[in-house]
Amino acid sequence: MNIQNPPDYRHDTVLPLPPAVTADAWAVDAACSGNPGPMEYQAIDLATGQQVFHFGPVHGTNNIGEFLAIVHALALCWQQGLHTKTIYSDSVNAMLWVRKRQCKTKLERTPQTAQLYAIIARAERWLQTHDYRNPIVKWQTQQWGEVPADFGRK
């Protein structure tokens with residue numbers, strides 16, 4: 001897909017977004033060198049192209065990073081009163097874990113993963129105590145290309 005940057009019909013973003021994608025949104029993604037391995041995640045504001053947050057690297061898995069990225073985005077939206085901002089993720093697993101309010105990772109609990117497990121517990125507690133309203137939408141990579149928060153390491 002050849003998308004102009006930005007297309008002349010879009011005045012709500014600086015990014016080349018497909019028409020189906022709302023710019024009043026954050027895109028999240030994670031990257032992991034090895035699985036498990038050094039993992040990090042981030043969010044990008046689709047209207048401005050700016051990084052909203054970045055976390056890591058810590059020892060973990062890509063799925064954990066995708067899960068934590070969504071929860072981090074939801075918590076930040078909650079804190080800032082952005083209850084209608086859309087969150088885009090390309091991870092079906094992470095979206096399911098968020099919906100079930102539980103990170104279903106099989107990552108071994110070790111001294112190396114203790115810090116990450118504490119962050120996971122905090123994220124799960126947040127999900128269980130907050131009734132967020134933000135839409136969490138699957139980023140359609142096949143149709144739209146890589147999610148704007150992608151780390152570009154494939």
Side-chain angles (χ1 to χ4, degrees), residues 1-58 60-107 116 119-120 122-124 126-128 130-154:
M1 174 184 279
N2 186 8
I3 301 178
Q4 189 180 333
N5 187 13
D8 56 11
Y9 58 85
R10 296 241 25 185
H11 303 287
D12 57 350
T13 180
V14 299
L15 297 176
L17 299 177
V21 173
T22 180
D24 183 22
W26 292 343
V28 298
D29 201 23
C32 196
S33 300
N35 212 15
M39 175 275 294
E40 60 188 318
Y41 66 79
Q42 68 179 347
I44 300 296
D45 186 307
L46 296 189
T48 66
Q50 298 297 307
Q51 185 180 69
V52 179
F53 59 77
H54 175 268
F55 177 81
V58 296
T61 68
N62 197 68
N63 280 339
I64 292 171
E66 300 274 6
F67 168 79
L68 291 175
I70 295 171
V71 178
H72 191 148
L74 290 171
L76 195 54
C77 283
W78 183 277
Q79 185 181 53
Q80 296 179 6
L82 305 173
H83 300 296
T84 59
K85 187 169 291 292
T86 299
I87 309 298
Y88 284 99
S89 171
D90 63 4
S91 174
V92 172
N93 275 346
M95 292 170 65
L96 179 64
W97 291 356
V98 167
R99 197 164 44 252
K100 294 189 177 223
R101 300 176 191 263
Q102 185 177 19
C103 181
K104 300 289 272 183
T105 185
K106 293 176 175 48
L107 180 66
L116 184 60
I119 295 167
I120 291 168
R122 181 177 168 199
E124 289 174 339
W126 189 91
L127 287 170
Q128 291 157 8
H130 291 78
D131 192 21
Y132 64 88
R133 300 185 297 275
N134 302 80
I136 302 170
V137 177
K138 172 72 171 77
W139 182 267
Q140 301 297 329
T141 307
Q142 294 279 5
Q143 298 163 295
W144 304 337
E146 289 297 337
V147 65
D150 185 70
F151 284 87
R153 296 187 196 144
K154 290 179 184 70

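Rounded to the nearest 0.5 angstrom, T141 OG1 and D150 CG are separated by 8.5 Å. Distance check, rounded to the nearest 0.5 Å: OG1 of T84 to CG of L82 gives 7.5 Å. Of the inter-residue distances, the one linking L15 atom CG with T48 atom OG1 reads 7.5 Å to the nearest 0.5 angstrom. Summarising the geometry, atom CG belonging to N134 is positioned 8.5 Å from atom CH2 belonging to W26; distances are rounded to the nearest 0.5 Å. The distance from atom CD of Q128 to atom CD of Q102, rounded to the nearest 0.5 Å, is 7.5 Å.
With contacts defined as side-chain heavy-atom distances shorter than 4.5 Å, the pair W139/V21 qualifies. Under the 4.5 Å side-chain criterion, counting only non-hydrogen atoms from C-beta, L74 is in contact with V98. No side-chain heavy atom of Y132 sits under 4.5 Å from any side-chain heavy atom of I87. In this structure, T105 and N63 have side chains that are not in contact, with every pair of non-hydrogen atoms separated by 4.5 Å or more. Here the side chains of I119 and I64 are not in contact, with every heavy-atom distance at 4.5 Å or above.
In this structure, Y88 contributes its side chain and T22 its backbone to a donor-acceptor pair below 3.5 Å. Not one N or O on the side chain of E40 forms a donor-acceptor pair closer than 3.5 Å with the backbone of H54. For the pair R133 (side chain) and H83 (backbone), a donor-acceptor distance under 3.5 Å is absent. Using modelled atom types, one side-chain atom of Q42 and one backbone atom of A149 make a donor-acceptor pair closer than 3.5 Å. Using modelled atom types, one side-chain atom of N35 and one backbone atom of N62 make a donor-acceptor pair closer than 3.5 Å.
Here the closest heavy-atom approach between residue K138 and residue D90 is recorded as NZ-O, 3.4 Å. Here the closest non-hydrogen pair linking F151 and D29 is CE1-O, 3.6 Å. Scanning both residues, G60 and L116, for their nearest heavy atoms gives CA-CD2, 3.5 Å. Closest of all the heavy-atom pairs between C103 and F67 is CB-CE2, 3.6 Å. Smallest separation of non-hydrogen atoms from A23 and D45: O-OD1, 4.4 Å. Shortest non-hydrogen contact noted between V147 and V28 is CG2-O, 4.1 Å.
The number of heavy atoms from other shown groups lying within 6.0 Å of NZ (K100) does not exceed 12.
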Check the pair H72 / F55 against ring pair (Phe, Tyr, Trp, His ring centres under 6.0 Å), numbers first and verdict last. CA-CA 9 Å; H72 191 148; F55 177 81; 7.3 Å; no

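The ring-ring contact (aromatic ring centres under 6.0 Å, His included) test applied to H130 returns W78, W126, not counting sequence neighbours.
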